[in-house]
Chemist: 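I'd like to ask you about the structure that follows.
Worth saying up front: this structure is predicted, and the values here are computed from it rather than measured. The sequence lines fix the lettering, A, B, ..., with proteins before strands; numbering per chain opens at 1. Computed from heavy atoms alone, side chains included, the values below leave out hydrogens, waters and symmetry copies.
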Number of protein chains: 2
Amino acid sequence: MGKMVTIYDIAREAGVSPATVSRMLTGNAKVSEEKRKRITELIRAYDYKPNALAKGLRETKSRVIGMILVDFVNPFYATLLSSCEKEARKRGYSLIVTSTLGDRELEDAYLDTMCQQRVATIVMVGGRSDELAPDEGYVGHVKRIAESVPVVTNGYLGGAEGCRVRLDEEKAAELAVEYLRDLGHREIAFIGGKGEIRSTVEKRLKYAQLLMQNGLPTRKEWIVDGPGYDDKSGYEAMRKLLALPCRPTAVIAVNDFTAAGAAHAIWEEGLGIPEDFSLVSFDDTYVSNLCRPRLTSVSYDLEEFASRLIGSAVDIAHGRKIEQNQVVEPKLVVRDSCKQYGGG
Amino acid sequence: MGKMVTIYDIAREAGVSPATVSRMLTGNAKVSEEKRKRITELIRAYDYKPNALAKGLRETKSRVIGMILVDFVNPFYATLLSSCEKEARKRGYSLIVTSTLGDRELEDAYLDTMCQQRVATIVMVGGRSDELAPDEGYVGHVKRIAESVPVVTNGYLGGAEGCRVRLDEEKAAELAVEYLRDLGHREIAFIGGKGEIRSTVEKRLKYAQLLMQNGLPTRKEWIVDGPGYDDKSGYEAMRKLLALPCRPTAVIAVNDFTAAGAAHAIWEEGLGIPEDFSLVSFDDTYVSNLCRPRLTSVSYDLEEFASRLIGSAVDIAHGRKIEQNQVVEPKLVVRDSCKQYGGG
DNA sequence: AAGCGATATGAAATCGATTTCAAAAAAATA
DNA sequence: TATTTTTTTGAAATCGATTTCATATCGCTT
């Protein structure tokens, strides 16, 4: 690769000092109109590209945000990533990304890598910080990292420098349960996923609590956790529900994939949605539009989520004051997978 | 943020020169066992994290690969991204990513940004380089960029330094057409998407050519381009096919989303898959498993694609010789969306 | 014990941009 | 016009790691 042209080359050609060129580029000080013109011209002519590494070194941090997600393929995260990238770009930042697929060691390793990369901020969504009870080791690790790089997460921050932007999972559960209740359903099941992920646990707990508060029947068998978070997991969970002597009339599934899987199990049984079962999912990804009938789903505004995550990340990097605790509220998107119980 | 500890700090504490610490870290030269121990100990104790910016500056390039994709949300690219990230990590590289959503200016801007970031290589999949006839301006831009940073792409490289890893779209079309032909179908339609995207054009051309070669009827109305690449686009395209006086018996859709949309149009008409229409899609994302019936789809091994893209990117960065032109072959994944024509 | 090559080490230059500090030039004031 | 104030500018230090080159240290040979 040909040597790249540097600020020195430009300065020499323009007959000024590198400092002057730098000042022009950053706008940190005035430069006489005459030199300004000459320099601008040369920059164009030589196709000069400022070296971000040198700049980052000098300023002890880069204009890059490190983003750690559980999974790029899941459309919820894919959409979030897409929005985050747009937000970052808008603010003049780039995104270094990694997906951990739940691998703890990897998460640790990548926190480290990003630290070495001297990213301005680390944004972490899902993963260990999002478990119900992150272990001691993890908390310490994040804390240690956060001594060098601020962290923005939707999960547990543990007093580290940074901020938290969480999704209101309880409100989400409430929207689902109350919608079904208002439709006249009394027998409502809940399909969860693997592990004690905070988002799942919070929904499940709220679901159970709301059934009680509303005087609806609660049954242990109506809370089923599949082996994962994909359609197969939902399928298996629904099969268990279908095998029950006392079937529910409505099902809440922890995400669109599990809901789609549940739908397949229902069809396989020769039953229909919403005729025989009403179905509500969470996340409102494009999958809920791809299913027939289209799934009624609880939706988070991912643009808002992204804007808060990246906005906070950038604000922290620039030493601005930010809200330590932010919450994104869900809303219900009604489609075709539910109907009035007993009614038309 | 607290100052980070540097190689100087470690050196001072260990009573050696920074050079020695560096040599130990990089392994570029021998260091006596005694100092080695002392240094290792201190690095642990101080939680020293080498500054990748400084390293990159010194070595005039970073261990980061810049990745430009059209769209993170599309599961084809999401999966590719996921695989690429894994491949990069395996080789000690990080990924800076951006999605252009087809915006040309953005693509140009981001080529620039990554250049400034001094990424080791730029990997570009989809987007302008992947158009059938990239315009002069674009070709020049890539060429100029490629003078500073090598480029790996699935599309047009235009003699720039780098390499090309393409998907064999023609073979993919062949697998689809021949499969349907072997099932006895003679009336086969093709649903494309918006614009003259190379991948689409190549498939469509091959499809048309194969119909001729096989003596199957060809009709202009059987080639329909939707307004995009999503399910709605496929839906609209299929409605046009359904409105035809002479309907085809099989449909090839340019990706899983358009296929899913086409399926909905078919159901809406009260018809069934595969009873009334056989349906083959491309890409074989999880969407083809999410549909009922599951879609028969032409699949690319994205792990191989990713491995070739990132492998080449890293090899080029290290000045190793690489194959200038690589091809990834597709295979057909048979599921439940096709059946013998006329037969059982 | 003197001389030789092989190793381990340190001092200093380097990568490219920013910034401090001081000097020079320009503008404003007396 | 002389003097002060303000604005532009350049020289040099800095960010943190790597590497070249020279020197010190060691073991080995004769």
Chemist: Between Y48(B) and V21(B), is there a side-chain heavy-atom distance shorter than 4.5 Å?
Modeler: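 They are not in contact (no side-chain heavy atoms under 4.5 Å apart), so the answer is no.
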Chemist: More than 12 non-hydrogen atoms from neighbouring residues, nucleotides or ligands closer than 6.0 Å to CZ on R44(A), yes or no?
Modeler: no
Chemist: State whether the distance check finds a donor on one side and an acceptor on the other, under 3.5 Å, for side chain R23(B) versus base dG10(C).
Modeler: yes
Chemist: Do S312(A) and Q326(A) have side chains that get closer than 4.5 Å, going by heavy atoms?
Modeler: yes
Chemist: Whole angstroms only, please: what is the CZ-C1' distance between R12(A) and dA11(D)?
Modeler: 17 Å
Chemist: Ignoring hydrogens and angles, tell me if any N or O in the side chain of K61(A) forms a donor-acceptor pair with the backbone of A317(A) under 3.5 Å.
Modeler: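 Yes, because the side chain of K61(A) sits within donor-acceptor range (under 3.5 Å) of the backbone of A317(A).
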Chemist: Output the rounded distance in Å from CD (E59(A)) to P (dC15(C)).
Modeler: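 The answer, rounded to whole Å, is 20 Å.
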Chemist: Regarding T79(B) and S82(B), is there a side-chain donor-to-acceptor distance under 3.5 Å anywhere?
Modeler: no
Chemist: Atom CD1 of I7(A) to atom C1' of dA11(D): distance rounded to whole Å?
Modeler: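 For the pair I7(A) CD1 and dA11(D) C1', the rounded distance is 15 Å.
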Chemist: Please check if atom CD in E303(A) has more than 12 non-hydrogen atoms from other residues, nucleotides or ligands closer than 6.0 Å.
Modeler: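 No, CD of E303(A) has 12 or fewer neighbouring heavy atoms, counting only those of other groups under 6.0 Å.
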Chemist: Strictly by side chain to side chain donor-acceptor pair (under 3.5 Å), give each pair with a member in residues 114-124 of chain B just once, sequence neighbours left out.
Modeler: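 Qualifying pairs, neighbours excluded: S94(A)-Q117(B).
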Chemist: Under 4.0 Å, counting only non-hydrogen atoms across every strand here, what does V16(B) touch: a base, just sugar-phosphate, or nothing?
Modeler: sugar-phosphate
Chemist: Calculate the interatomic distance between L57(A) atom CG and dA17(D) atom P; express it in whole Å.
Modeler: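 Nearest whole value for this atom pair: 9 Å.
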Chemist: Quick one: sort the Y300(A) and F76(A) rings into parallel, tilted or perpendicular, breaks at 30° and 60°.
Modeler: perpendicular
Chemist: At 4.0 Å (heavy atoms only), tell me whether S22(B) reaches a base, stays on the sugar-phosphate, or touches nothing.
Modeler: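 Here S22(B) touches the bases of the nucleic acid.
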Chemist: By a strict heavy-atom criterion of less than 4.0 Å, which residues belonging to residues 38-55 of chain B are in contact with DNA chain C?
Modeler: none
Chemist: Short of 4.0 Å, heavy atom to strand atom, which residues of residues 25-37 of chain A count as contacting DNA chain D?
Modeler: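 The answer is K30(A), V31(A), S32(A), K35(A).
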Chemist: In whole Å, I'd like the distance from the CD atom of Q116(A) to the P atom of dA17(D).
Modeler: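 Distance check: Q116(A) CD to dA17(D) P gives 10 Å.
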Chemist: Check every atom of dA11(D), dT19(D), dG10(C) against the side chain of A19(A) and return the nucleotide holding the closest atom.
Modeler: dA11(D)
Chemist: So for atom CD, which belongs to E105(B), do other residues, nucleotides or ligands contribute more than 12 heavy atoms lying within a distance under 6.0 Å?
Modeler: no
Chemist: Rounded to whole angstrom units, what separation is found between the OH atom of Y8(B) and the P atom of dA13(D)?
Modeler: 15 Å
Chemist: If only side-chain N and O atoms of S17(B) are considered, is one of them under 4.0 Å from the OP1 or OP2 phosphate oxygen of dG10(C)?
Modeler: yes
Chemist: Among the candidates dA17(D), dG10(D), dT20(D), find the nucleotide nearest to the side-chain atoms of T20(A).
Modeler: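 My answer, after comparing the listed nucleotides, is dG10(D).
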Chemist: What is the distance, rounded to the nearest whole Å, between atom CZ of R118(B) and atom P of dA17(D)?
Modeler: 20 Å
Chemist: Taking CD1 from I10(A) and C1' from dG16(C), how many angstroms apart are they, rounded to a whole number?
Modeler: 13 Å
